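This is a predicted model, so every value here is computed, not measured.
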Amino acid sequence: MFPQVVFGGDYNPEQWGPEVWQEDARLMEEAGVNLVSLGIFAWSRLEPAPGVYDFTWLIGIMDLLHAHGVQVNLATPTASPPPWMVRRHPDILPVTADGVTLWHGSRRHYCPHSSSYRTGAQNLVTRMAEKFGDHPALALWHVDNEYACHVTECFCDASIAAFRSWLSQRYGSLDELNKAWGTDFWSQHYGDWEEIQGPGRMPAQGNPMQSLDWRRFFSDSWLECFEEQKKILREHAPDIPLTTNFMRFHKPLDYWEWAKSEDVVSFDSYPDTSEPQWMVEAGMGYDLMRSLKNGQPWLLMEQAPTQVNWRQRNTTKRPGVMRLGSYQALARGANGIMFFQWRASQAGSEKFHSAIIPHVGTDSRVWREAKALGMELKRFEGLLSSRVQADVAILFDWENWWALESGDKPVNDLNLLQRTIDIYAELFRRNITVDFAHPAGDLSRYRLVIMPHLYLVSNRAVQNIEDYVARGGNLVMTFFSGLVDETEHVQLGGYPAQFRKLLGLWVEEFVPYGSRDANSIQTDTGDRFACNYWSDIIRLEGAEVVAHYLEDFYADYPAVTRHSFGKGSSYYLGTSLEQAGLSWLLRRVIEETGVQDRQNLPAGVEMTLRSDGTHTWTFILNYSDERLQVKVPLDGINLVTGAVVKGFVSLGSKDVAIVQT
Ligand code: GAL
């Protein structure tokens with residue numbers, strides 16, 4: 001898509017005068033900037049009054065950037081409707097579950113179901129597509145900004161009406177809806193579509209399916225807004241790719257569905273680098289972005305050059321950390337590194353957010369580091385068509401996330417993302433590259449698939465997972481998985497009923513722990529580990545016991561099992577293990593399945609490989625405070641320094657090597 005590694009950031013020239021634009025263009029050229037995101041929040045400048053469009057200033061800027069070799073990622077500025085629109089059409093404003101209207105004066109103050117908003121957005125986008133579709137600087141469309149950030153849902157009348165019609169499309173009839181929602185419980189039977197409401201404030205627990213469908217509906221509704229703009233942009237500029245910026249594991253939007261509609265995945269990443277494990281969570285986000293479009297390279301659309309402004313304490317990225325984090329993204333499949341933002345704002349709520357050009361100007365560490373990175377990135381265009389290979393996948397599904405974390409469960413504090421991080425962190429520490437996969441997606445290329453707490457599973461996914469193992473795959477499933485179908489009805493016949501054959505067991509009873517409960521397990525090799533939070537009472541039907549409980553009324557019952565199924569194997573973890581226990585289990589599975597493990601690297605080193613079939617690029621990142629000697633799997637040339645690498649590379653603290661072989 002781009003001939004070079006992309007380097008740039010959000011550029012908001014509407015906050016500055018023409019003299020600054022000239023300086024910006026010159027400095028962009030100096031720093032090696034080749035792409036900027038323009039116009040993201042410029043609706044009120046592009047359409048200052050209803051139907052009055054002013055594109056002259058933007059054309060001027062695009063011409064100027066073009067003359068300086070900078071391409072444009074042009075945004076549709078629909079994330080922040082202008083005040084005149086609110087005044088004319090107050091119905092665009094979102095309404096909370098409590099009936100509170102969210103006013104303008106900030107951003108994202110619109111309901112996706114407001115027809116006034118949608119018409120206004122379509123009109124503006126059409127004009128922009130006509131005007132800019134063939135501008136030579138235009139390289140990418142940036143649709144809206146961070147969909148479902150701040151406002152995830154709306155309870156206005158238009159939303160409720162749209163919910164009803166979404167439901168009627170999904171279920172076809174009220175009978176089907178009543179069945180799916182289990183409305184014989186607590187007298188909730190619906191006799192008319194008009195009786196259906198959103199899951200607003202209620203005296204007690206609401207219907208779990210009403211909430212789940214509400215989540216599905218809103219993910220679809222935001223996507224509909226995106227699709228509507230995409231259609232217009234495609235019509236006028238069929239060759240210009242488009243994207244919208246994602247936000248990590250962003251709960252309101254099912255990114256598996258969203259990624260299908262994008263040409264390239266782009267991502268805004270804001271790790272708190274004062275946290276010791278910042279690189280683990282950042283890496284996990286990057287791996288998700290790569291996985292969403294089946295390994296296709298993605299763009300780091302936004303990151304902070306140093307601090308943000310929206311945490312309680314906005315810590316500084318210390319020297320070298322921004323560079324290191326940028327290379328981490330590249331190592332995990334990004335083909336571009338961009339920032340929020342180019343020049344620090346003088347006014348507005350983000351004036352203390354960092355930028356490539358800080359308030360103090362270019363005599364600054366931040367500018368020097370950014371510019372140096374921009375120059376350095378020019379050396380890596382050779383790796384643009386390479387891919388990251390992963391042997392291991394973690395299953396992650398938004399519908400499961402929504403269902404698992406709402407309603408009333410045996411435990412109501414099972415945090416799926418945190419549990420996924422715990423598993424991911426173990427693999428990260430061993431330098432095992434991980435993809436994320438949809439439970440119904442293609443799993444055939446993985447040696448190992450880990451399935452944390454997949455409570456809700458569709459029949460299609462059940463079949464997919466079973467086929468994967470039958471054909472030789474290896475699975476690790478954790479407790480509270482495979483319990484309900486897509487309508488959140490419990491699968492009867494012994495938990496987890498549809499995986500009984502695959503696992504060679506059934507679960508008779510759940511034992512959630514009280515705050516004073518504790519237990520431990522003993523493995524078949526005699527190791528002991530503490531367990532906490534939960535125990536399944538497992539009844540065997542062919543599986544072998546890998547570890548059993550040591551105490552309580554279920555002492556000696558299996559806690560961890562293994563079952564051969566077809567040509568593959570499935571492990572089941574019926575409890576929550578302390579970190580050492582989780583580490584033991586994963587090590588055992590990794591050894592058994594032959595997943596390549598790089599755990600003998602020094603602590604604080606990350607190693608990831610990209611390959612295009614001809615060349616391999618080994619990324620070695622040193623997060624530690626020490627200089628380290630790191631053994632490389634393949635000799636070659638370190639593209640960062642130009643030095644020949646044989647056997648080892650010596651890396652200073654926060655330094656990186658990219659060894660091309
Ligand atoms: C992002 C957003 C940007 C800017 C940035 C600040 O979420 O897309 O517009 O607000 O955060 O960190």
Side-chain angles (χ1 to χ4, degrees), residues 392 394 410-411 413-415 418-430 432 447-454 469 474-483 494-496 499-565 568-595 597 599:
V392 180
I394 296 179
V411 282
D413 56 356
L414 183 65
N415 181 326
Q418 188 52 52
R419 297 257 163 192
T420 308
I421 291 171
D422 293 346
I423 293 170
Y424 179 89
E426 273 302 316
L427 298 163
F428 184 95
R429 203 175 52 72
R430 306 173 83 89
I432 293 173
R447 277 176 190 265
L448 174 62
V449 169
I450 302 176
M451 175 171 156
H453 314 292
L454 196 67
V469 178
N474 304 290
L475 180 77
V476 176
M477 188 187 299
T478 73
F479 67 90
F480 213 59
S481 285
L483 294 189
Y495 310 126
F499 291 114
R500 250 174 105 152
K501 261 193 351 212
L502 171 66
L503 297 170
L505 58 78
W506 59 284
V507 174
E508 181 188 328
E509 203 182 326
F510 307 137
V511 185
Y513 290 15
S515 54
R516 279 176 292 277
D517 294 340
N519 206 338
S520 49
I521 62 162
Q522 179 167 319
T523 71
D524 53 2
T525 48
D527 295 316
R528 289 183 174 200
F529 299 104
C531 61
N532 53 55
Y533 196 72
W534 177 288
S535 289
D536 276 335
I537 300 208
I538 295 175
R539 306 280 298 273
L540 297 175
E541 277 182 330
E544 326 146 28
V545 182
V546 175
H548 62 269
Y549 295 106
L550 286 172
E551 284 160 44
D552 217 331
F553 70 96
Y554 51 92
D556 295 332
Y557 271 70
V560 183
T561 62
R562 181 191 178 282
H563 186 51
S564 297
F565 182 81
S569 70
S570 56
Y571 275 81
Y572 185 74
L573 172 59
T575 185
S576 168
L577 294 175
E578 63 170 327
Q579 205 206 340
L582 187 59
S583 180
W584 153 78
L585 178 62
L586 291 173
R587 187 173 62 241
R588 180 176 181 132
V589 178
I590 285 159
E591 279 166 12
E592 180 181 321
T593 54
V595 167
D597 186 341
Q599 72 142 349

Quick one: pull up [atom1] in [X] and [atom2] in [Y] and give me the separation to the nearest 0.5 Å.
| X | Y | atom1 | atom2 | answer |
| --- | --- | --- | --- | --- |
| D517 | C531 | CG | SG | 10.5 Å |
| Q522 | F529 | CD | CZ | 10.5 Å |
| E541 | H563 | CD | NE2 | 8.5 Å |
| N415 | T420 | CG | OG1 | 8.5 Å |
| I590 | L585 | CD1 | CG | 9.0 Å |

Task: Heavy atoms of other groups near Y557 OH, more than 12 under 6.0 Å - done: no
Task: E578 atom CD: more than 12 heavy-atom contacts under 6.0 Å - done: yes
Do [X] and [Y] touch side chain to side chain, with heavy atoms closer than 4.5 Å?
| X | Y | result |
| --- | --- | --- |
| L475 | M451 | yes |
| E426 | Q579 | yes |
| L483 | Y495 | yes |
| R562 | S569 | yes |
| L540 | P558 | yes |
| F480 | V411 | no |
| V392 | T593 | no |
| T523 | V546 | no |

TODO: Have a look at L586 and tell me which of I432, L448, I450 forms a side-chain contact (heavy atoms from CB on, under 4.5 Å) with it.
DONE: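 When side-chain contact (heavy atoms from CB on, under 4.5 Å) is applied between L586 and each of I432, L448, I450, only I450 qualifies.
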- [ ] Answer with yes or no whether the side chains of H453 and T478 bring together a donor and an acceptor at under 3.5 Å.
- [x]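 There is such a pair between these side chains.
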TODO: Answer with yes or no whether the side chains of E508 and Y554 bring together a donor and an acceptor at under 3.5 Å.
DONE: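 The answer is no; no qualifying pair exists.
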- [ ] Check L582 against D422 and note the closest heavy-atom contact, atom names and distance.
- [x]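 That closest heavy-atom pairing would be CD2-O, 3.8 Å.
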Task: Distance-minimising heavy-atom pair for A543 and T561 - done: CB-CB, 4.0 Å
Open item on the list: Classify the ring geometry of W534 against F510: parallel below 30°, tilted from 30° to 60°, perpendicular beyond 60°.
Closed with: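 Ring orientation of W534 relative to F510: tilted.
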Task: Geometric cation-pi criterion, R419 with Y533: 6.0 Å, 45° - done: yes
Task: Set of salt bridge (Lys or Arg N to Asp or Glu O under 4.0 Å) partners for R588, sequence neighbours left out - done: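 Here the qualifying residues are D524.
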